[in-house]
Structure formats: C-alpha cells, structure tokens
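Position 1 is the first residue of the sequence, and the numbers go up from there.
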Amino acid sequence: QKTAYEISPFKEKEAQVEVIDQSTDPWGHVCIDDLVQTNDSAGARIANDKKAPTPDVVWSQTGRQEGELNWKDGKLHLSENPIRWEGVRSISRQSQVGRSSPRQAVQFLNGETWQVEILTMTKGKLTLKGEVYGQRTVELSSVRSLEFSPSSELAVKSRPGILYRSTGRPVPGKLIWIKKEDVAIDCPLGIVPLPRQGLVRYILPGENAGKIVGTEWRDEIGLRDGSILKGQVRIEGEQVVLEHPTLETISVPWENLRYLIRSGEETHWLTDLDDAVVKSFGPLGAGIGAEYLDLRRTPTSSLSVVRVTPQTVVRYKLGSSTNKSDRRLRAKLAMIPGSLGDAMLSFSVEGKEFFSKALSSQDDAIELNLPLPAGNELAVKVDFGERLAYPCGVELHDAHLVGHNLQRGATQP
C-alpha cells in the first residue's frame with residue numbers, strides 16, 4: 001500500500017523514521033521499503049491529511065448515513081436531513097472524540113465504565129464521585145475493577161486479585177479498605193496499608209474477574225470522558241435522558257455524547273450474540289481466524305468490527321426465530337486494511353447460502369442490507385479468492401440484525 005505524509009512544515013529540520021509493530025496476533029510484522037522525499041504523491045494515500053474529517057454516522061431503519069449531526073429548530077438533523085429518533089439504531093459522533101478522560105474510573109460487571117473519583121471503600125460499599133453521577137455509593141460486589149490510573153501500561157497487563165503500582169512490586173491479596181490517604185490489602189504479610197499515590201489497578205478476584213452479567217435489553221451510551229452507561233434512552237430537547245437501574249434518571253447534554261447503541265427485540269448486534277463458534281484452517285492456525293474490534297473509544301466512524309480471515313467459518317446462534325421472515329442483516333463490508341489477496345465472503349442460515357461476494361483489495365467498502373432467511377444459526381464464511389496472498393480478510397462494521405419482533409438470541413449486557 002502506497003502511503004505519503006505531508007512533511008512541508010518540517011522543512012530544513014532533522015527527521016527520524018520509526019516503524020513500530022503494535023499487533024498482538026501471530027501475523028504481527030512490518031514491511032516497508034522505497035522511502036523517498038518528493039513533491040509528487042503520485043496517487044498515494046496522504047496518511048496525515050486533516051482536510052477531510054471523519055463524518056458522524058447514524059444507522060437507522062433506512063440504513064447507514066454519514067454527515068454532521070446538529071440540532072435545528074429543536075430537531076436532530078444529519079447535515080440537512082431530519083432524523084426520526086424512533087428509527088435510530090446507533091449514533092457515532094466523531095466531533096466528540098479526543099477529550100482526555102479523568103484520572104480514575106470504575107468498571108462494572110455489567111460492562112459499564114464510570115469515570116469518577118474513587119473516594120472510599122469499607123464493609124463492601126464503594127463511594128464514588130463524578131461530574132455526571134454526583135456522589136454515589138455502590139456495592140463492591142457489582143464492580144469488576146478499580147482503575148486508579150487507567151492510562152498506565154500496567155492497567156492492560158494485569159491479573160485479578162493483585163494491586164498494581166507504578167512504583168514498587170504488585171501486591172497480591174484481598175482489598176480491605178480504601179481511604180483518602182491509603183488502600184489496605186490483606187496479603188501474606190498481613191493487612192498492609194499502601195499509599196494511594198502511584199496505584200494503577202485492582203481487578204476483583206473470584207467470580208468478579210472477567211465476568212459480564214446482565215440479562216435485560218439495555219441501550220448504551222458512551223460519553224466524551226470515556227464513561228459507558230446502560231439503560232433506557234430517550235431524547236428530550238437537546239438532552240440525552242437515561243433511565244438507569246442504579247443512577248435512576250440521568251440527563252446528559254448533547255455535546256457530551258460520544259455514541260449511542262440501541263438494543264432490543266428488534267435489534268441484535270452481531271458482537272453481542274452468544275458464544276460465536278469459530279473454525280479456522282487458515283495460515284494463522286485453528287480458531288484464530290476471527291476477532292472482534294471494539295472501536296467505541298477510537299476516532300473512527302464505526303463502533304465495532306468483526307474481522308474474519310480466509311478459510312474461516314464463524315457461526316452465531318440466532319435463537320428461536322425460525323418463523324420470522326422479515327429479518328435483515330446489515331453492516332458495512334470492507335477488506336482488511338493492507339490486504340494483498342482476494343477474498344470470497346458468503347452468508348448462510350441452517351446451511352443454506354443466501355449471499356456471496358468476491359472481494360478484491362482494491363474494492364471500496366459497501367453497505368449490506370440483506371433479507372435473512374428463517375433459521376436459528378447464521379454462518380459467516382470467508383475463503384481466499386483468485387489472488388492468493390496474505391494478509392487478507394474482510395471486515396463487517398457495525399454488523400446487526402433488525403426486524404419486527406426479532407426473537408432474542410443472546411444475552412445483552
């Protein structure tokens with residue numbers, strides 16, 4: 001892939017080129033050659049071109065639409081077109097990406113994240129304070145992790161039941177208390193108070209670790225500060241109103257909304273369906289041919305991506321909806337960035353193929369809006385096309401199922 005960078009602002013300055021592989025999968029590698037300085041980009045993609053900002057995106061009953069979300073005469077518009085709130089499935093607001101998050105956060109078992117100040121913890125009660133929530137007390141049993149410094153690299157590489165610190169060794173043990181000055185851990189040395197300064201992360205051990213709970217359909221909103229909240233959402237004026245099981249009624253100014261994902265009996269997001277079964281025989285090995293990319297906190301137009309490489313089949317359970325004939329599968333379909341080979345994508349329900357498409361690395365992304373046959377198992381199959389080369393694969397952006405009275409096929413946090 002030919003890429004160019006605009007470097008005229010750095011004329012007459014010394015430069016250093018650094019290429020870093022940030023991939024964590026088995027195919028992580030770097031290929032780079034033919035580094036030249038020129039005043040002719042020769043059709044190359046300008047990687048740091050800021051002239052064309054990423055648009056806002058709305059998925060509605062009529063499909064995927066791009067533009068700029070704004071309020072006009074008390075109504076929500078996408079560019080110049082009014083948006084009917086009842087038909088909105090998701091909203092991604094690119095103008096709200098990039099605001100720095102507060103220094104502390106709490107992640108809950110239901111998948112929520114609250115950007116808050118962690119005040120105290122005693123007798124299983126956690127007291128928090130945040131701009132959106134005010135001061136609240138929640139049960140520690142509802143918490144997955146305490147993020148004292150979410151920006152630290154140690155917050156990514158951590159295990160349950162261990163208090164991580166930016167200075168000093170991690171301390172394993174049970175959390176006893178949190179006070180203004182210190183945090184106490186019951187460890188092999190006894191109950192040890194540790195200064196709060198330099199604390200990074202603590203994941204609750206046992207049943208709390210890595211577990212997502214919640215069985216009711218709930219809408220999800222993401223805020224500019226990185227918070228994620230779930231409940232029933234409606235729009236009142238230029239406010240996003242959330243009916244929340246713990247926070248009760250929360251009003252969020254429109255300018256603080258980063259994204260919205262609506263869920264219910266009429267909408268199923270592919271990334272939320274129960275226990276997808278992956279069978280892969282491709283170059284990455286068995287079971288590694290599909291992955292889910294969470295883009296909710298990134299400056300992209302999509303909120304989620306299902307990425308599938310050749311010689312892979314992914315099967316999803318759709319639930320007891322075999323008699324429903326008005327369901328549709330919708331997504332934005334694209335090749336994996338940097339693909340060198342061609343791919344063949346097909347969808348089938350109960351073994352009966354209802355869509356197939358050959359894709360080339362040169363193809364533009366397209367919107368899918370496919371009638372879904374009756375049945376309770378959806379299979380996504382990707383194989384190599386005419387040009388056999390790697391890396392190669394397809395991406396399904398914001399893939400979801402819609403339809404009247406679509407039966408529940410998964411547990412939605």
For E66, check salt bridge (charged side-chain N to carboxylate O under 4.0 Å, His left out) against everything at least two apart and list the hits.
R64
Tell me, please, which residues at least two apart from E248 pass salt bridge (charged side-chain N to carboxylate O under 4.0 Å, His left out).
none
With sequence neighbours left out, what residues match V349 under side chain to side chain contact (heavy atoms under 4.5 Å, CB included)?
F354, L372, P373, L378
Is the closest side-chain donor-acceptor distance between E243 and T249 under 3.5 Å?
yes
Please list, chain by chain and in numerical order, all residues satisfying ring-ring contact (aromatic ring centres under 6.0 Å, His included) with H400, sequence neighbours excluded.
W59, W269
Please collect all salt bridge (Lys or Arg N to Asp or Glu O under 4.0 Å) contacts where either partner lies in residues 70-80, sequence neighbours excluded, each pair once.
K72-E80
Are there over 12 heavy-atom neighbours, none belonging to Q197, within less than 6.0 Å of that residue's CD?
no
Checking W71 now: which residues fulfil ring-ring contact (aromatic ring centres under 6.0 Å, His included) with it, not counting sequence neighbours?
W254
Go through the steps for S346 and S356 under the test side-chain hydrogen bond (donor to acceptor under 3.5 Å, both in side chains), then give the verdict.
CA-CA 4 Å; S346 66; S356 65; over 6 Å; no
Here the pair of heavy atoms bringing Y259 nearest to E220 is OH-OE2, 2.5 Å
Looking only at the side chains, is there a donor atom on one of E147 and S149 sitting less than 3.5 Å from an acceptor on the other?
no
ring-ring contact (aromatic ring centres under 6.0 Å, His included) involving Y133 - partner list, sequence neighbours excluded
W114
Which residues pass the ring-ring contact (aromatic ring centres under 6.0 Å, His included) test with Y292, not counting sequence neighbours?
none
Is it true that the side chains of N81 and S79 contain a donor and an acceptor less than 3.5 Å apart?
no
Return the set of residues passing salt bridge (charged side-chain N to carboxylate O under 4.0 Å, His left out) with K125 (not counting sequence neighbours), or none when no residue passes.
E139
All side-chain hydrogen bond (donor to acceptor under 3.5 Å, both in side chains) counterparts of R387, not counting sequence neighbours:
none
Go through the structure and list residues passing side-chain hydrogen bond (donor to acceptor under 3.5 Å, both in side chains) with D294, not counting sequence neighbours.
R296
Return each pair, listed once, that meets salt bridge (Lys or Arg N to Asp or Glu O under 4.0 Å) where at least one residue sits in residues 332-342; pairs must be two or more places apart or across chains.
none
For T127, run the side chain to side chain contact (heavy atoms under 4.5 Å, CB included) check against R136, E117, M121, Q135 and tell me which one passes.
Q135
